[in-house]
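Written out below as structure tokens is the structure these notes cover.
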Protein chains: 2
Amino acid sequence: MSEVKQIRILLVEDDESLGFVIKDNLEQQGMHVVLAMDGEVAQRTFTPKHFDVCVLDVMLPKVDGFALAEHIRLYDKDVPIIFLTAKSMKEDRIKGFKLGADDYMVKPFNIEELILRIQVFLKRTGKQQPQEQYQIGYYTFNVHNMELSARDSLKQLTRKEADLLKLLFDNKENMVARNVILKQIWGTDDYFAGRSMDVFISKLRKYMSADQRIEIVNHHGIGFKLTIKE
Amino acid sequence: MSEVKQIRILLVEDDESLGFVIKDNLEQQGMHVVLAMDGEVAQRTFTPKHFDVCVLDVMLPKVDGFALAEHIRLYDKDVPIIFLTAKSMKEDRIKGFKLGADDYMVKPFNIEELILRIQVFLKRTGKQQPQEQYQIGYYTFNVHNMELSARDSLKQLTRKEADLLKLLFDNKENMVARNVILKQIWGTDDYFAGRSMDVFISKLRKYMSADQRIEIVNHHGIGFKLTIKE
DNA sequence: TTTACCTTTAACAAATCGTTAACAAGATAT
DNA sequence: ATATCTTGTTAACGATTTGTTAAAGGTAAA
């Protein structure tokens, strides 16, 4: 089938917290994100043929988004550019499109929509997002499809099962505290959420019981740890 | 819609069964395929300006693929040539590329990838395929006409049915989230759009129910996945 | 306007998931 | 050692989601 490389995004955003929120979200999608906080740094960071999509704030210190886009276009006339702008002024929009902006989002925007638009470009340029596939013992865990497959079996996980397994795997060989799991996946860490979690741990153990090397161990009063022997 | 000429492919392959498999697949894409079983026949068959892409097996009886390429290049220095080669020998590749092979594939290869590479050439040379045709089990789905046809039947799909089927097929074997489908096709993801989508899913299932291998599976609260077994 | 066709809404059945309950088994502290 | 708290496991419940068919609503062509 087609090649699957990690998608690389250049994100230029001077608002630190927003920048990190976007970065986090895109990384959860399996993309690699380089975040630049001002236009000057971005200009130095940009390398032709390196990024698959650029996301630029319009208002930036030192070198603004439009100038940056011009710079990028000099070196790469194809890379999709998405502008982020605080106002919906038509002139901005037109100016942006003249410089070869391919899309444009008005703040505040929905991050899921940004992800969607990026994916549209990736598809258009024939690129594909890698699917996160974890190897757990002899199981393969496809995060996106929430499928846990072995040589002969395929178990469709539910959302919570998949979230929990991913969290444990992301911290494999390390203890994950009960309340960390609970807050992250259940949003609360009251008694019942805790019991619910225990039920899910039990389910995951059962699903993976065919591979003796995989263990979800409990530390009394602390939390759980996913270990894979050898 | 404007009239678009049918794409013509010259396929030279001495392995009869492989030849027919490739021919079938390309024809399902709406291309016209002339299959020659040896280099000599191919040489007589080739007419300048007639074919849009040539696909040549390297090892052929009588006149081999490289000699054939030389012959073709004499008369048409632009037509893209793709070599099929059983071995990945370096000398083979170098010899081929010098004679103007534009791409090559090592057997055994994925037919979908061959189709993809042909499409790259068609795009590059400004030619377009008259119509996208997808193979879904034993159905053929013509995106432009929105027709879903089997050996004996032909079902005219509506716009939404066709959009939905295309979206699912573009992500076949992968889960497509409900809200992704909804935003992309319905433009909104409110409750009623969701119910409407469920109705369309039900319709598509019914249309394709004759082929047991095709399944549109639901993952509770997540989305749908089109799978084609085998 | 009528007609034909497509999409949405409604209505009800069926399936699924997360939570809770209930009880057993471990672990820890007293 | 034993009382208390935590965890393991199974099953049942209830809420939500989905499957499906039919009716209603919309829209564009005749």
Side-chain angles (χ1 to χ4, degrees), chain A residues 145-148 154-168 175-210 212 214-227, chain B residues 145-148 154-168 175-210 212 214-227:
Chain A
N145 290 353
M146 307 195 302
E147 287 167 350
L148 186 66
L154 190 149
K155 173 79 190 160
Q156 186 55 233
L157 301 185
T158 68
R159 151 94 27 236
K160 279 231 156 67
E161 289 166 355
D163 286 351
L164 179 55
L165 182 55
K166 175 164 159 50
L167 181 56
L168 288 174
M175 211 61 192
V176 191
R178 287 181 73 88
N179 56 355
V180 169
I181 301 176
L182 289 173
K183 283 210 180 115
Q184 195 150 334
I185 297 180
W186 273 262
T188 170
D189 65 346
D190 61 21
Y191 171 78
F192 291 114
R195 293 322 333 269
S196 190
M197 176 183 71
D198 289 330
V199 172
F200 277 88
I201 290 284
S202 175
K203 282 180 179 168
L204 289 182
R205 283 182 179 137
K206 194 187 278 183
Y207 297 158
M208 302 192 296
S209 58
Q212 301 288 98
I214 305 170
E215 254 185 315
I216 301 177
V217 291
N218 167 260
H219 277 17
H220 204 84
I222 311 291
F224 296 95
K225 178 173 81 172
L226 176 68
T227 69
Chain B
N145 310 337
M146 307 193 299
E147 285 171 353
L148 185 66
L154 190 151
K155 172 80 189 162
Q156 178 67 55
L157 300 185
T158 69
R159 167 128 306 283
K160 279 228 157 69
E161 288 166 354
D163 285 350
L164 179 55
L165 182 55
K166 175 165 159 50
L167 181 56
L168 288 174
M175 202 151 75
V176 190
R178 287 181 74 89
N179 59 343
V180 169
I181 300 175
L182 289 172
K183 279 193 184 140
Q184 198 149 333
I185 297 180
W186 273 263
T188 170
D189 65 346
D190 61 21
Y191 172 79
F192 291 114
R195 291 327 328 270
S196 190
M197 175 181 71
D198 289 331
V199 171
F200 278 85
I201 290 282
S202 178
K203 283 180 179 169
L204 289 182
R205 282 183 179 137
K206 196 186 279 182
Y207 298 158
M208 302 193 296
S209 59
Q212 301 287 100
I214 305 171
E215 253 184 317
I216 301 176
V217 291
N218 166 259
H219 298 321
H220 206 85
I222 309 295
F224 295 94
K225 179 173 82 171
L226 175 68
T227 68

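The sequence lines fix the lettering, A, B, ..., with proteins before strands; numbering per chain opens at 1.
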With heavy atoms under 4.0 Å as the rule, sort A/Phe224 into base, sugar-phosphate or nothing. sugar-phosphate

Just to be sure I understand the rule, does A/Asn218 reach a base, reach only the sugar-phosphate, or reach nothing, if contact means heavy atoms closer than 4.0 Å? sugar-phosphate

For [N], does either OP1 or OP2 sit under 4.0 Å from a side-chain N or O belonging to [X]?
X: B/Arg178; N: D/dT18; answer: yes
X: A/Trp186; N: C/dT19; answer: yes
X: A/Ser202; N: D/dT9; answer: yes

Measure from the side-chain heavy atoms of [X] and tell me the nearest of [options].
X: A/Ser196; options: C/dG18, D/dT21, C/dT8; answer: C/dG18
X: B/His220; options: D/dT20, D/dT18, D/dT10; answer: D/dT18
X: B/Lys203; options: D/dT20, C/dT7, D/dT9; answer: C/dT7

Short question: side chain of [X], backbone of [Y] - any donor-acceptor pair under 3.5 Å?
X: A/Arg159; Y: B/Ile222; result: no
X: B/Glu161; Y: B/Phe200; result: no
X: B/Glu215; Y: B/Lys225; result: no

Spacing between [X] atom [atom1] and [N] atom [atom2], to the nearest angstrom:
X: A/Ile185; N: C/dG18; atom1: CD1; atom2: C1'; answer: 13 Å
X: B/Leu182; N: C/dT7; atom1: CG; atom2: P; answer: 15 Å
X: B/Leu204; N: D/dT18; atom1: CG; atom2: C1'; answer: 15 Å
X: A/Asp198; N: D/dT10; atom1: CG; atom2: C1'; answer: 14 Å

Show your working on salt bridge (charged side-chain N to carboxylate O under 4.0 Å, His left out) between B/Asp163 and B/Lys160 and close with a plain yes or no. CA-CA 5 Å; B/Asp163 285 350; B/Lys160 279 228 157 69; over 6 Å; no

Nearest-nucleotide 5' precedence on DNA chain C, B/His219 against B/Val199: B/Val199

Using a cut-off of strictly less than 4.0 Å between a heavy atom of the residue and any atom of DNA chain C, enumerate the qualifying residues of residues 154-161 of chain A by number. A/Thr158, A/Arg159, A/Lys160

Let me know, please, whether A/Arg195 or B/Val217 comes out on the 5' side of the other along DNA chain D by nearest nucleotide. A/Arg195

With B/Leu226 as reference, evaluate B/Val217, B/Leu168, B/Leu204, B/Leu167 under the side-chain contact (heavy atoms from CB on, under 4.5 Å) test and give the passing residue. B/Leu168

